[in-house]
Amino acid sequence: MNYTSFNTNEEFFVDMQRCIGCKACEMACAECETNGQDSMIHVNYVDRASTVQTTVQVCMHCDDPVCASVCPADAISKDEFGIVHTANTERCIGCSNCVIACPFGVPKKIEEYDLMMKCTMCYDRTSVGKKPMCATVCPSGALFYGTKAEIEEMRPNSTPVNTFVFGKEIVNTKVNIMMPKGSTELIIY
């Protein structure tokens, strides 16, 4: 694979308020042959009893990925482009430490394979200059892969945020969440 065409100016942006729950992203992700027909992106209801609002759950590709640091088999790695890869099939022991440790709840242990799997931001595509599958099919623009200048033009009243505060823990990520203009972090209680 030719990794020289990876565009480091392009980033992944998620605008939770724009998610319409169509699950096109899940279907597109499942079509990717590297996932074994399992979607690595998940659409969830915020509070199904009181609203139909949905939200997208995608790997945030943390700067300091806790999933990798708690892996006793050293099966999870982060590359020079900031992509946190799914578990190496030859190393993963299926312990689920990463599943429990992730503050975003992203890694899933696929019992059928006895393996942790998660979004790799379509590395097979992004490393050769293509956009992630989910971002190419999202009809509402909840998922976008491009430059900060492009997203700022598209969403002038929003700011991309990639700093999350969990109590005393600060987590910086490669993926951005769109927040009200001027926001600098998302505090999660």
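Note that the coordinates shown come from a computational prediction; the quantities given were computed from them, not determined experimentally.
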Within 6.0 angstrom of Asp64 CG, more than 12 heavy atoms from elsewhere: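 Atom CG in Asp64 is not packed in, count stays at 12 or less.
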
Take atom CD in Gln17; do more than 12 heavy atoms of anything else shown fall under 6.0 Å from it?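 Open: at most 12 neighbouring heavy atoms sit under 6.0 Å from CD of Gln17.
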
Suppose clustering is done on Ile, Leu, Val, Met, Phe, Trp and Tyr with side-chain heavy atoms closer than 4.5 Å. Which residues sit in the same group as Tyr189?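 Other cluster members: Val165, Ile170, Ile187.
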
Can you tell me how far the [atom1] atom of [X] sits from the [atom2] atom of [Y], to the nearest 0.5 Å?
{"X": "Ile41", "Y": "Cys122", "atom1": "CD1", "atom2": "SG", "value": "9.0 Å"}
{"X": "Thr89", "Y": "Met116", "atom1": "OG1", "atom2": "CE", "value": "11.5 Å"}
{"X": "Phe164", "Y": "Ile188", "atom1": "CZ", "atom2": "CD1", "value": "6.0 Å"}
{"X": "Ile177", "Y": "Ser158", "atom1": "CD1", "atom2": "OG", "value": "11.5 Å"}
{"X": "Ser50", "Y": "Arg48", "atom1": "OG", "atom2": "CZ", "value": "10.0 Å"}
{"X": "Thr120", "Y": "Arg125", "atom1": "OG1", "atom2": "CZ", "value": "11.5 Å"}

Between [X] and [Y], is there a donor-acceptor pair closer than 3.5 Å when you use the side chain of the first and the backbone of the second?
{"X": "Ser39", "Y": "Cys29", "answer": "no"}
{"X": "Lys148", "Y": "Pro160", "answer": "no"}
{"X": "Thr86", "Y": "Lys118", "answer": "yes"}
{"X": "Lys131", "Y": "Thr136", "answer": "no"}
{"X": "Ser96", "Y": "Val99", "answer": "no"}
{"X": "Thr126", "Y": "Met121", "answer": "yes"}
{"X": "Asp47", "Y": "Thr51", "answer": "no"}

Hydrophobic cluster identity match, [X] and [Y], side-chain contacts under 4.5 Å:
{"X": "Phe12", "Y": "Met16", "answer": "yes"}
{"X": "Val14", "Y": "Tyr145", "answer": "yes"}
{"X": "Val171", "Y": "Leu186", "answer": "yes"}
{"X": "Phe166", "Y": "Met179", "answer": "yes"}
{"X": "Val128", "Y": "Met133", "answer": "no"}

Mind listing the closest non-hydrogen atom pair of [X] and [Y] along with its distance?
{"X": "Cys67", "Y": "Ile76", "answer": "O-CD1, 3.4 Å"}
{"X": "Thr159", "Y": "Ser183", "answer": "CG2-O, 3.5 Å"}
{"X": "Ala142", "Y": "Cys138", "answer": "N-SG, 3.2 Å"}
{"X": "Cys25", "Y": "Val43", "answer": "SG-CG2, 3.6 Å"}
{"X": "Val137", "Y": "Ala28", "answer": "CG2-CB, 3.6 Å"}

Test salt bridge (Lys or Arg N to Asp or Glu O under 4.0 Å) applied to Asp114 - qualifying residues, sequence neighbours left out: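 Once residues adjacent in sequence are excluded, the partners of Asp114 under the salt bridge (Lys or Arg N to Asp or Glu O under 4.0 Å) criterion are Lys109.
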
4.5 Å side-chain heavy-atom contact, [X] and [Y]:
{"X": "Pro72", "Y": "Asn97", "result": "yes"}
{"X": "Ile151", "Y": "Glu11", "result": "no"}
{"X": "Asn176", "Y": "Val161", "result": "no"}

Output all residues satisfying side chain to side chain donor-acceptor pair (under 3.5 Å) with Asn162, sequence neighbours left out; order by chain, then residue number.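 With neighbours one apart ignored, the set is empty.
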
Could I get the full list of ring-ring contact (aromatic ring centres under 6.0 Å, His included) partners for His85, not counting sequence neighbours?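 Checked His85 against ring-ring contact (aromatic ring centres under 6.0 Å, His included); matches are Tyr123.
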
Side-chain polar contacts of residues 54-63 - donor-acceptor pairs under 3.5 angstrom, sequence neighbours left out - could you list them?
residue: Thr54; atom: OG1; partner: Gly21; partner atom: N; Å: 3.0
residue: Gln57; atom: OE1; partner: Asn44; partner atom: ND2; Å: 3.3
residue: Gln57; atom: NE2; partner: Phe104; partner atom: O; Å: 3.0
residue: Gln57; atom: NE2; partner: Gly105; partner atom: O; Å: 2.7
residue: His61; atom: ND1; partner: Val84; partner atom: N; Å: 3.0

Output every pair passing salt bridge (charged side-chain N to carboxylate O under 4.0 Å, His left out) with a member in residues 13-25, not counting sequence neighbours, ordered by first then second residue.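 Every pair satisfying salt bridge (charged side-chain N to carboxylate O under 4.0 Å, His left out) with a residue in residues 13-25: Asp15-Arg155.
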
